[in-house]
**Student:** 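Below is the structure I would like to discuss, written out as structure tokens.
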Amino acid sequence: MTESAGSLSSLPDGPTAGRDFTAGSAAASALGAGLAEVRSAAYDIPNFIGGREIRTGRTAAVVTPHEHAVHLGHVHRASAEHVVEAVVAATEAARWWGRLPWEERVAPFLRAAEMLESGPWRDRLTAAAMLELSKTRTEAEGDAVCEVVDLIRATVRNMFTMYGEQPESSPGVRNHVEYRPLEGFVFAISPFNYLSTCNLAFGPAALGNTVVWKPAESASLGAHLCLQLLREAGLPDGVVNVVYGHGAELAETALLHRDLAAVHFTGSTGTFRNIWRTVGENVAGYRDYPRLVGETGGKDFIVAHPSADLEALAAACVRGAFEYQGQKCAAASRLYAPRSLWPRLRERLVELTRAIVVGDPTVPGTQLGAVINARQHAKHAEALARARAEKLVVVGGSTDDSVGWFVDPTVLEVDDPRSPFLTEELFAPVIAAYVYEDTQWEKMLRLVDESTGYGLTGAVFASDEKALAEADEVLRYTAGNYSVNDKPTGAVVGRQPFGGSRASGTNDKVGTVWNLIRFASPRTVKRPDQPMRDPVIPS
């Protein structure tokens, strides 16, 4: 494969920059127009299968979490029959899509990235993330614009790198590896918390696969707009087919289909294990062994040594635990602090947490919005009621669903190192602290490693190099993304490849060539200059 002019060489270097939303700026004005557009559009979101918009009449409201009486429209829920139709459409498109030259396949994706980087699509998708997902301006643009653009461009760069990985040829024999798309369809299942997880569908499609995409119910509008952007950029019908609705109702039909080639998943550990179980029990019924690529849950840690910088540690706890209401698989939710630092750290955490502005994220100055829906809010309310009853709350601990689904940023202090607040994922703006004796550093590191089954993100704070080396050794498999003197969140495409193992997923590192290769099926082609004509088998 050779690089064509105007493709790879023209891609910008480095991550896409966010804008300055200072009051009165052009960016603030443009975003205001985007918010007005999304608020007034009254979206009627259809399923999209093989170029057809399918409205079932079985609808669910698109709700604004921070003002749940406000609806942005409704989405039509699909049935199992629509999943079958989507598989058929994907199968038909696979006959020609994966045979196109790579330049033609990536063209609509690169065009979509350009359209998203500037113009109305930037403000439209940022506004959708703010209103549907309750993200602040900075969070929404970083997700729905910057990371989507960066993942699209990373896919193209990584594809070029993968295609360039070729075997040696020998005199008289030419060897070549063709990176075919998988035989069958990719089933992409994306979560609510990041619109950039449209890459679960878009990445395999750019490689030549065809896709059935099931977005999270609470992110239907964002998924709809991402697909509309890609259609406007020229993506042909049938390449990415979208079905909306309840996962348990729709997933089984796709997972049991003989042409399932891969599952590309981000979501809960329990759901991914159910997917793995279903595929395993049905393994004899597939055309091929389906690839299972998943990024799941986390119970992510911050570990502080007595030599830690207190201000840096406090900032990492607050930002790592509370940004986007803790609704990140990477969010810090357990803190291990030495007794010598804890009184001052506790005081600083109380001060910083009380200063956080919680409310409508479309109002400038708001730092935290609402959690995503009533079901999640009820789960968090129950957990924090238990924490209050056990007198664990240091600061925060309250919830309110009268207007929106709000959960106060909360710091807990627990005495039991096996407390559920230290071992079970909550997906809320809650961090639990366990205080250890300064002399128990090595024992505490083993506790961090063994307390949960997860292995996604973690951070260690220390100025003592010996302590950092000890942590690096003991926590070697405790996190797939490991930070030293920095918060465990905020991985940037192309700079900190993201993903974890253990109960946190398959660690295929989204946005890298390691992830992309899971959606390719290499074929080795050998072609001698002269055919062999000697029939004698060597003795």
**Student:** For the pair R344 (side chain) and L310 (backbone), establish whether a donor and an acceptor sit closer than 3.5 Å, ignoring hydrogens and angles.
**Tutor:**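 Not a single qualifying donor-acceptor pair exists.
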**Student:** Between R55 and E53, does a salt bridge (Lys or Arg N to Asp or Glu O under 4.0 Å) hold up when you go through it step by step?
**Tutor:** CA-CA 7 Å; R55 292 173 171 83; E53 294 185 351; 3.2 Å; yes
**Student:** Under the salt bridge (Lys or Arg N to Asp or Glu O under 4.0 Å) criterion, do E382 and K379 qualify, and how do the steps go?
**Tutor:** CA-CA 5 Å; E382 180 183 357; K379 181 180 76 170; over 6 Å; no
**Student:** Using the side chain to side chain contact (heavy atoms under 4.5 Å, CB included) rule, pick out the option among V395, V394, L335, I431 that qualifies with L349.
**Tutor:** L335
**Student:** Hey, does the side chain of S419 reach the backbone of D416 with a donor-acceptor pair shorter than 3.5 angstrom?
**Tutor:** no
**Student:** Please confirm whether the backbone N or O of G455 pairs with a side-chain atom of S504, one donor and one acceptor, at under 3.5 Å?
**Tutor:** yes
**Student:** Taking E114 first and then R122, would you say they form a salt bridge - that is, a charged N and a carboxylate O separated by under 4.0 Å?
**Tutor:**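 No, this pair does not count.
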**Student:** Other residues, nucleotides and ligands only: do more than 12 of their heavy atoms fall within 6.0 Å of CD on E347?
**Tutor:**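 No, not enclosed.
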**Student:** Would a distance-only check, ignoring hydrogens and angles, find a side-chain to backbone donor-acceptor pair under 3.5 Å from D300 to T457?
**Tutor:** yes
**Student:** Would you call W405 and H380 a side-chain contact if the rule is heavy atoms closer than 4.5 Å?
**Tutor:** no
**Student:** Can you tell me how far apart OG1 (T269) and CG (L456) are? Round to the nearest 0.5 Å.
**Tutor:** 9.0 Å
**Student:** Would you kindly say whether N507 and S501 are connected by a side-chain donor-acceptor distance under 3.5 Å?
**Tutor:** no
**Student:** Going by ring-ring contact (aromatic ring centres under 6.0 Å, His included), name the residues that satisfy it together with H264, two or more places apart in sequence or in a different chain.
**Tutor:**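 Per chain and number, H264 pairs via ring-ring contact (aromatic ring centres under 6.0 Å, His included) with F519.
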**Student:** What's the shortest heavy-atom distance between P191 and A216, and which atoms?
**Tutor:**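 Taking P191 first and A216 second, the nearest heavy atoms are C-CB, 3.5 Å.
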**Student:** Has the side chain of N199 got a donor or acceptor atom that lies under 3.5 Å from a matching backbone atom of I152?
**Tutor:** no
**Student:** Could R52 and E85 be called an ion pair, given the rule that one side-chain N must be under 4.0 Å from one carboxylate O?
**Tutor:**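 Judged by the 4.0 Å cut-off on N to carboxylate O distance, R52 and E85 do form a salt bridge.
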**Student:** Heavy atoms only: give me the nearest A78-T56 pair and the separation to one decimal.
**Tutor:** CA-CG2, 4.3 Å
**Student:** What I want to check is whether the side chains of T489 and K328 have a donor and an acceptor closer together than 3.5 Å.
**Tutor:**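 Side chains of T489 and K328: no pair found under 3.5 Å.
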**Student:** Specify whether F192 and Y324 have parallel, tilted or perpendicular ring planes, treating 30° as the upper limit for parallel and 60° as the lower limit for perpendicular.
**Tutor:** tilted
**Student:** So, S268 versus T271: side-chain donor-acceptor pair below 3.5 Å or not?
**Tutor:**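 Side-chain D/A pair, S268 to T271: present.
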**Student:** Considering all heavy atoms of both residues, which atom of A304 and which atom of L313 are nearest to each other, and what is their separation?
**Tutor:** CB-CD2, 3.5 Å
**Student:** To the closest 0.5 Å, what do you measure between CG (L195) and CG (D143)?
**Tutor:**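 Taking CG in L195 and CG in D143, the distance rounds to 5.0 Å.
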**Student:** Could you pull out the closest heavy-atom pair between A233 and A112, with the gap in Å?
**Tutor:** CB-N, 3.6 Å
**Student:** Are more than 12 heavy atoms, taken from residues, nucleotides or ligands other than R319, located less than 6.0 Å from that residue's CZ atom?
**Tutor:** no
**Student:** Taking the six-membered ring of W121 (Phe, Tyr or Trp), confirm whether the NZ or CZ of R124 is under 6.0 Å from its centre and within 45° of its axis.
**Tutor:** yes
**Student:** Check whether K214 reaches the backbone of G245 with its side chain - one donor and one acceptor, N or O, closer than 3.5 Å.
**Tutor:** yes
**Student:** What I want to check is whether the side chains of S25 and D20 have a donor and an acceptor closer together than 3.5 Å.
**Tutor:**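 The criterion, which ignores hydrogens and geometry beyond distance, is not satisfied for D20 and S25.
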**Student:** So which heavy atom on L412 is nearest to which on A387, and how close?
**Tutor:** CD2-CB, 3.9 Å
**Student:** Taking the side chain as C-beta and beyond, is there a heavy-atom pair between D309 and E311 under 4.5 Å?
**Tutor:**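 In short, these two side chains touch, coming nearer than 4.5 Å.
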**Student:** Suppose the criterion is side-chain hydrogen bond (donor to acceptor under 3.5 Å, both in side chains): which pairs have a residue in residues 61-77, not counting sequence neighbours?
**Tutor:** D44-H74, D44-H76, H66-S134, H66-D360, R77-E217
**Student:** Show me the pairs that pass salt bridge (Lys or Arg N to Asp or Glu O under 4.0 Å) and involve residues 485-510, at least two apart or across chains.
**Tutor:** E323-K487, D449-R502, D508-R518
**Student:** Can you see whether T362 engages R39 through a side-chain donor-acceptor pair at a distance of less than 3.5 angstrom?
**Tutor:** yes
**Student:** Contact between Y194 and V148 at the side-chain level, heavy atoms closer than 4.5 Å - yes or no?
**Tutor:** no
**Student:** Taking C-beta and beyond as the side chain, do R58 and S79 meet within less than 4.5 Å on heavy atoms?
**Tutor:** yes
**Student:** Could you tell me whether the side chain of L292 reaches within less than 4.5 Å of the side chain of T506, counting heavy atoms only?
**Tutor:** no
**Student:** Taking T296 for the side chain and T266 for the main chain, is one N or O donor matched with an acceptor at less than 3.5 Å?
**Tutor:**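 Such a contact is absent between T296 side chain and T266 backbone.
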**Student:** Are any side-chain N or O atoms of N193 and backbone N or O atoms of Q327, one a donor and one an acceptor, separated by less than 3.5 Å?
**Tutor:**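 Checking the backbone N and O of Q327 against the side chain of N193, a donor-acceptor pair under 3.5 Å is found.
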**Student:** Measuring from atom CD of E425 to atom OG1 of T452, what distance do you get when rounded to the nearest 0.5 angstrom?
**Tutor:**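 Reported to 0.5 Å precision, the distance equals 10.0 Å.
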**Student:** Within this structure, what is the CD-OG1 distance for the pair Q325 and T136, rounded to the nearest 0.5 Å?
**Tutor:** 8.0 Å
**Student:** Nearest 0.5 angstrom please: L230 CG to C226 SG, how far?
**Tutor:**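 Rounded to the nearest 0.5 Å, the CG-SG separation comes out at 9.0 Å.
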**Student:** Return the CD to CG distance between E232 and L225, rounded to the nearest 0.5 Å.
**Tutor:**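 Answer for the CD-CG pair, E232 versus L225, is 11.0 Å.
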**Student:** Shortest non-hydrogen contact from A332 to I302?
**Tutor:**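 For A332 versus I302, the nearest heavy atoms are CB-CD1, 3.7 Å.
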**Student:** Give a yes or no on whether E390 atom CD has more than 12 heavy-atom contacts from other residues, nucleotides or ligands under 6.0 Å away.
**Tutor:**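 Check passes, neighbour count above 12.
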**Student:** What about F202 and W213, are their ring centers closer than 6.0 Å?
**Tutor:**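 Yes.
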**Student:** If we ignore hydrogens and angles and just use 3.5 Å, is the side chain of D401 paired with the main-chain N or O of G404 as donor and acceptor?
**Tutor:** no
**Student:** Let me see the working for I275 and F187 under side-chain contact (heavy atoms from CB on, under 4.5 Å), right down to the final yes or no.
**Tutor:** CA-CA 11 Å; I275 289 170; F187 186 36; over 6 Å; no
**Student:** Looking at E147 and G142, would you say the former's side chain and the latter's main chain have a donor-acceptor pair under 3.5 Å?
**Tutor:**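 Checked: no pair found.
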**Student:** Any non-hydrogen side-chain atom of N47 less than 4.5 Å from a side-chain atom of V242?
**Tutor:** no
**Student:** Between the side chains of T410 and D408, is a donor N or O closer than 3.5 angstrom to an acceptor N or O?
**Tutor:**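 Per modelled atom types, T410 and D408 side chains form no pair under 3.5 Å.
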**Student:** Among L352, V358, L368, V430, whose side chain to side chain contact (heavy atoms under 4.5 Å, CB included) with F322 holds?
**Tutor:** L368
**Student:** Please check if the number of heavy atoms outside R386 that lie under 6.0 Å from its CZ is greater than 12.
**Tutor:** yes
**Student:** Please examine the side chains of F109 and L235, heavy atoms only from C-beta on, and report whether any two atoms are closer than 4.5 Å.
**Tutor:**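 Yes, close enough: below the 4.5 Å cut-off.
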**Student:** Closer than 4.0 angstrom, basic N to acidic O: yes or no for K299 and E424?
**Tutor:** no
**Student:** Are V75 and H224 close enough that some pair of their side-chain heavy atoms sits under 4.5 Å apart?
**Tutor:** no
